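Worksheet for the structure shown next.
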Amino acid sequence: MTSILQTLSCADNYDPESLHVDRARELILDLLSPVAGHEQVFVRQALDRVLAGDVISPIDVPSHDNSAMDGWALRCGDLAATGETRLKNIGTAFAGRAFDGAMNAGEAVRIMTGAVLPPEADCVVVQEVARVEGDAVIIPPGQRSGQNLRRAGEDLQAGRAAITAGKKLRPAEIGIIASLGVAELAVRRRVRVALFSTGDELCSIGTPLAPGAVYDSNRYTLWGMLTRLGCDVIDMGVIRDEPAALEAAFREAAACADAIITSGGVSVGEADFIKQLMTRLGEVAFWKIAMKPGRPMAFGRIQPDGADRPGAWLFGLPGNPVAVMVTFYQFVRPAILKLAGVDPVPPFPDFPARCVEAMKKGRGRTEFQRGILFRENAEWCVRPTGAQGSGVLRSMSEADCFIVLEAGRDNVSAGDTVRVQLMNGLV
Ligand code: AMP
Ligand code: MG
């Protein structure tokens, strides 16, 4: 097996001392592949799961030519080129109850939306333009063959893939699967993620706060984001900055999870033994990503029992609560989607917006400010959410987007166009 570090060091633009955000994301996605294993579930349980194999349509949808409107089924060839045509009304076709007679020249069938088209008819004229006179219907000129029809197989054809493997199943796909009459399907198994926080200053919720301590919030935001992404989360609690405890935690996590997420312990000046430990238990690259917040990050694999044992991917996130969330959105989210088998992994939705406040910005790294979008004069505008410190979690709570200030950019003046990434609903 090729070493991860070897692969990374051979990659173009690989500088672990100053890695561009997009490059880091690409490197991670290139190394990961979907976890193996799937399970059979009923259609409702498949919501938000990832389809394991193509769903092949057993039928044409619709299964018969039918009317798209309430109106009159007829043969266009019976109509006069100019002026009205009088046709004989010979019966009605309802949705689910076809007209069972034959339709001869000069005749029309009253037809409802979704009803089977009589085989002799080739168009439907909407009821609003026709006029009923006794047992006849008067049709104006200007009708076209094929109008107001839904052809058999127009949506989906029997034998073809209706939905392809790798699709994350949303309500639209759940409906399509039901429209085929399929009751059960195979979805990929959930990604198992173990997480723990590191730091001697961390205090668990529900206990009194000791002087100088902070409550451990990262484990809760991470749990929330991972749960939203459909992962099985294994919460391992707070681990002290102490080698034996950390080693035991890494070993336990690697034995049961596909990925391990830690927070804290990767910044410069933090106990170097964490780095030594991670490196001893696997192959880990320490990245200084050219971004703010979230500069230090570790990525690699923890394989305490040797490189030929499965082990788990490691994402060693910084400790600051906002940095945790920003690095999660930028790197962990796409990685989890890749592991989950989502194909293709969708890019972050982004678009330009007018920034209504000035912002300070240093050159050389990408900054992710937290912003609030609003509409003004038919234009998307954005304003930052007040204090932007990497410990101010409220800035994430108030935000619905990231304002992305590219590495090469400096200060932003009020009225400048900026790029925003929509984060609402993504995790
Ligand atoms: P570190 O990256 O470990 O140096 O932590 C940076 C900052 O984030 C420090 O102020 C920590 O107290 C804070 N921090 C680290 N871990 C957590 C956590 N799990 N919950 C809340 N704050 C944290
Ligand atoms: Mg720490």
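Heavy-atom basis, side chains included; hydrogens, waters and symmetry copies ignored. Numbering of ligands and ligand atoms starts at 1, following listing order. Remember, it's a predicted structure, so these values are computed and weren't measured experimentally.
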So, are [X] and [Y] salt-bridged, with charged N and O less than 4.0 Å apart?
X    : Y    : value
K361 : D410 : no
E247 : R280 : yes
R419 : E406 : yes
R189 : D258 : yes

Could you tell me, atom by atom, which parts of ligand 1 come under 4.0 Å of a heavy atom of [X]?
X    : answer
E201 : 11 (C), 12 (O), 15 (C)
Y215 : 20 (N), 21 (C)
D216 : 18 (C), 19 (N), 20 (N)
G264 : 2 (O), 3 (O)
S197 : 19 (N)

Distance, nearest 0.5 Å, that separates CD of E120 from CG of L74 |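 Separation between the atoms: 12.0 Å.
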
Just how far is it from atom CG of L29 to atom CG of L339, taken to the nearest 0.5 Å?
->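 The CG atom of L339 is 9.5 Å from CG of L29, to the nearest 0.5 Å.
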
Once the angle between the rings of W287 and Y14 is folded into 0 to 90°, is it parallel (under 30°), tilted (30 to 60°) or perpendicular (over 60°)?
->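 Rings of W287 and Y14: perpendicular, over 60°.
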
Suppose we measure from [atom] to each protein heavy atom; which comes out shortest, and what is that distance?
atom                    : value
atom 22 (N) of ligand 1 : P321 CG, 3.8 Å
atom 20 (N) of ligand 1 : S217 N, 3.1 Å
atom 3 (O) of ligand 1  : E270 OE2, 2.6 Å
atom 5 (O) of ligand 1  : G319 CA, 3.6 Å
atom 18 (C) of ligand 1 : N218 ND2, 3.1 Å

Relative to atom 4 (O) of ligand 1, which among S390, S267, G265 owns the nearest non-hydrogen atom?
->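 Heavy atom nearest to atom 4 (O) of ligand 1 belongs to S267.
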
Close aromatic pair by centroid cut-off 6.0 Å: Y329 and F402 =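 When the ring centroids of Y329 and F402 are compared, they turn out to be within the sub-6.0 Å range.
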
Report the part of L202 (side chain from C-beta onward, or backbone N, CA, C, O) that has a heavy atom under 4.0 Å from ligand 1; answer both or neither where that applies.
->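 The side chain, only.
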
Side chains of T164 and D54, donor plus acceptor under 3.5 Å =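 The answer is no; no qualifying pair exists.
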
What do you reckon, does N320 have a nitrogen or oxygen under 3.5 Å from a nitrogen or oxygen of ligand 1?
->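 Min N/O separation from ligand 1 is below 3.5 Å for N320.
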
